[in-house]
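Notes follow once the structure below has been shown.
Scope of the values below: all heavy atoms of this structure, side chains included, with no hydrogens, waters or symmetry mates. Just so you know, residue 1 is the first one in the sequence shown, and it goes up from there.
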Amino acid sequence: MDLAKLEAFVCVMECRSFSQAAARMYMSQPTVSAHVAALERELGVKLIIRTTKEIYPSEAGNILYDYALRMLKLRRDAVEAIRNYACDMSGYVTVAASSIPVREFLPGLLKSFHARYPKIEVELHEVDSKAAVAEVMEREAEVGFCGTRLRVAKCIFEEIGEDKLVMIAPDVPKYRKYKKAGFPVRQLEKEHFISREKGSGTRREMEAFLKEMGVDAAKLQIVAQSDSNERIKEWVREGKGVAVLSQSVMEDPLDKDLLSFDFNSTRLRRKLFILRHKASDLSPAAQTFYAYSKAFCAPKTGNGR
């Protein structure tokens with residue numbers, strides 16, 4: 001039963017006039033008449049009795065009027081409840097994120113989000129990109145952040161930013177000689193290499209870059225791997241090998257004793273994504289967080305981020 005038709009019917013009942021009902025509803029009289037007529041056809045009864053002098057409700061019209069008032073009030077109550085809910089949103093959302101989004105976006109995002117929605121609790125799982133996608137696929141997390149787009153049909157990936165990968169090496173003469181001319185990519189096959197773990201978005205994008213540059217990642221002499229950027233940097237400082245990491249993790253003043261090389265390639269810029277399950281409806285709290293995250297991470301103009 002169309003609520004617009006019920007609204008027209010109630011207005012006619014209260015005004016006892018089609019023309020006055022039309023004026024109150026800012027509609028034409030034929031439109032109001034058509035709404036009531038359509039309602040009568042749907043129900044198979046006469047709701048309004050029309051004479052040359054007056055109109056008045058039939059017995060069926062009086063019965064429907066009481067129900068219509070309750071239905072229209074229920075609609076108003078629902079709208080008001082949702083508006084109040086939006087203004088006083090509360091709930092719980094589980095988020096799975098890989099290390100770079102955790103470092104690059106989430107501190108500022110979570111601070112801003114909590115200020116806007118203090119009653120929504122966010123539980124953050126810091127994992128690698130592969131695990132973040134897996135948690136969303138298995139519905140262990142409603143929202144995910146990762147540093148690579150995996151080929152999985154169950155998830156929707158949306159870009160929220162960009163990250164640059166650089167090769168890092170200890171600040172010793174062996175590597176200083178490459179500062180001007182740049183570090184030759186083929187040289188990586190001859191170096192001891194420290195890598196992120198296999199599920200890492202950094203590792204996946206690094207391997208894709210090497211393949212594009214003609215280097216077989218399987219030929220790298222990987223001497224160690226870790227899911228910790230800080231541990232990898234420490235091993236590089238100790239001279240155990242070179243590594244490829246996100247430029248954003250090299251902003252600590254303590255990292256000045258490390259050399260970084262970008263290969264002068266745009267290919268080492270990788271995308272960062274927010275994701276959700278394609279077949280699952282997000283909870284209201286998660287919907288709010290997802291939309292807020294996309295808006296927060298979107299490029300700003302003027303003096304914005």
Side-chain angles (χ1 to χ4, degrees), residues 1-95 112-123 136 139-143 154-156 158 274-296:
M1 190 177 294
D2 193 312
L3 291 178
K5 296 181 177 65
L6 280 178
E7 199 167 23
F9 165 72
V10 166
C11 197
V12 170
M13 289 281 288
E14 293 175 347
C15 294
R16 289 295 195 268
S17 166
F18 281 89
S19 60
Q20 290 181 26
R24 180 190 291 186
M25 298 182 71
Y26 299 99
M27 294 180 176
S28 67
Q29 184 173 329
T31 299
V32 173
S33 298
H35 279 334
V36 174
L39 199 56
E40 290 177 328
R41 287 194 300 273
E42 180 182 347
L43 297 175
V45 293
K46 204 72 174 174
L47 299 173
I48 302 291
I49 307 300
R50 304 163 179 84
T51 70
T52 56
K53 294 183 178 180
E54 62 178 342
I55 67 168
Y56 57 91
S58 66
E59 185 174 345
N62 280 324
I63 294 173
L64 179 62
Y65 178 70
D66 290 334
Y67 282 102
L69 287 178
R70 279 182 272 173
M71 292 169 72
L72 293 174
K73 182 179 184 301
L74 184 61
R75 180 183 67 175
R76 290 192 299 272
D77 290 346
V79 171
E80 183 178 357
I82 293 300
R83 286 174 176 168
N84 290 339
Y85 181 73
C87 294
D88 192 27
M89 180 73 74
S90 62
Y92 182 88
V93 56
T94 303
V95 175
S112 177
F113 181 77
H114 182 70
R116 175 65 181 83
Y117 298 100
K119 294 184 180 180
I120 295 181
E121 181 180 350
V122 178
E123 179 183 328
V136 173
R139 296 179 173 84
E140 296 173 7
E142 288 191 274
V143 179
K154 292 183 179 181
C155 294
I156 296 173
E158 296 187 76
I274 185 172
L275 65 143
R276 61 185 176 85
H277 199 289
K278 183 180 293 186
S280 295
D281 291 331
L282 296 177
S283 66
Q287 288 178 14
T288 300
F289 179 76
Y290 191 87
Y292 192 91
S293 298
K294 291 201 299 179
F296 181 86

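Here the closest heavy-atom approach between residue Val10 and residue Ala68 is recorded as CG2-CB, 3.6 Å. The shortest non-hydrogen separation linking Lys5 to Ala38 is CE-CB, 3.4 Å. Residues Ala4 and His35 approach most closely at O-CD2, 4.3 Å, considering heavy atoms. Minimum heavy-atom separation, Val32 to Ala21: CG1-CB, 4.4 Å. Between Ala60 and Lys46, the closest heavy-atom pair is CB-O, 4.0 Å. In terms of heavy atoms, Ser33 sits closest to Phe18 at OG-CD2, 3.5 Å.
Put simply, the side chain of Glu142 gets close to the backbone of Ser283: a donor and an acceptor are under 3.5 Å apart. In this structure a side-chain-to-backbone donor-acceptor pair under 3.5 Å is present from Arg16 to Met13. A donor-acceptor pair is defined here as one N or O able to donate and one able to accept, closer than 3.5 Å; such a pair exists between the side chain of Glu40 and the backbone of Leu47. For the pair Glu158 (side chain) and Ile274 (backbone), a donor-acceptor distance under 3.5 Å is absent.
Asp281 CG: 12 or fewer foreign heavy atoms inside a 6.0 Å radius. Heavy atoms from other residues, nucleotides or ligands lying under 6.0 Å from CD of Glu140 number more than 12.
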Requested in this report: Could you walk me through whether Met1 and Leu39 pass side-chain contact (heavy atoms from CB on, under 4.5 Å), step by step?
Outcome: CA-CA 8 Å; Met1 190 177 294; Leu39 199 56; 3.9 Å; yes

Query - Test side-chain contact (heavy atoms from CB on, under 4.5 Å) applied to Leu6 and Leu64, step by step - result: CA-CA 9 Å; Leu6 280 178; Leu64 179 62; 4.2 Å; yes

**Report entry** From CA spacing to verdict: side-chain contact (heavy atoms from CB on, under 4.5 Å), Val143, Arg276
**Finding:** CA-CA 5 Å; Val143 179; Arg276 61 185 176 85; 5.6 Å; no

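A salt bridge links Arg24 and Glu14; the closest N-O separation between the charged side-chain nitrogens and carboxylate oxygens is under 4.0 Å.
Residues satisfying the ring pair (Phe, Tyr, Trp, His ring centres under 6.0 Å) criterion with Phe113, sequence neighbours excluded, are Tyr117, Phe289, Tyr292.
The distance from the OH atom of Tyr290 to the CG atom of Leu275 is 7.0 Å, given to the nearest 0.5 Å. Atom CZ in Arg139 sits 3.5 Å away from atom NE2 in His277 (nearest 0.5 Å). Going from atom CD of Gln29 over to atom CD of Gln20 covers 10.5 Å, rounded to the nearest 0.5 Å. Separation of atoms OG1 (Thr94) and CD (Glu121) is listed at 9.0 Å; rounding is to 0.5 Å.
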Per-pair distances, 0.1 Å, donor-acceptor, side chain in residues 72-79, under 3.5 Å, sequence neighbours excluded:
residue: Lys73; atom: NZ; partner: Asp77; partner atom: OD2; Å: 2.9
residue: Arg75; atom: NH2; partner: Glu7; partner atom: OE2; Å: 3.3

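Side-chain contact between Pro57 and Tyr65 is absent, with no heavy atoms from C-beta onward closer than 4.5 Å.
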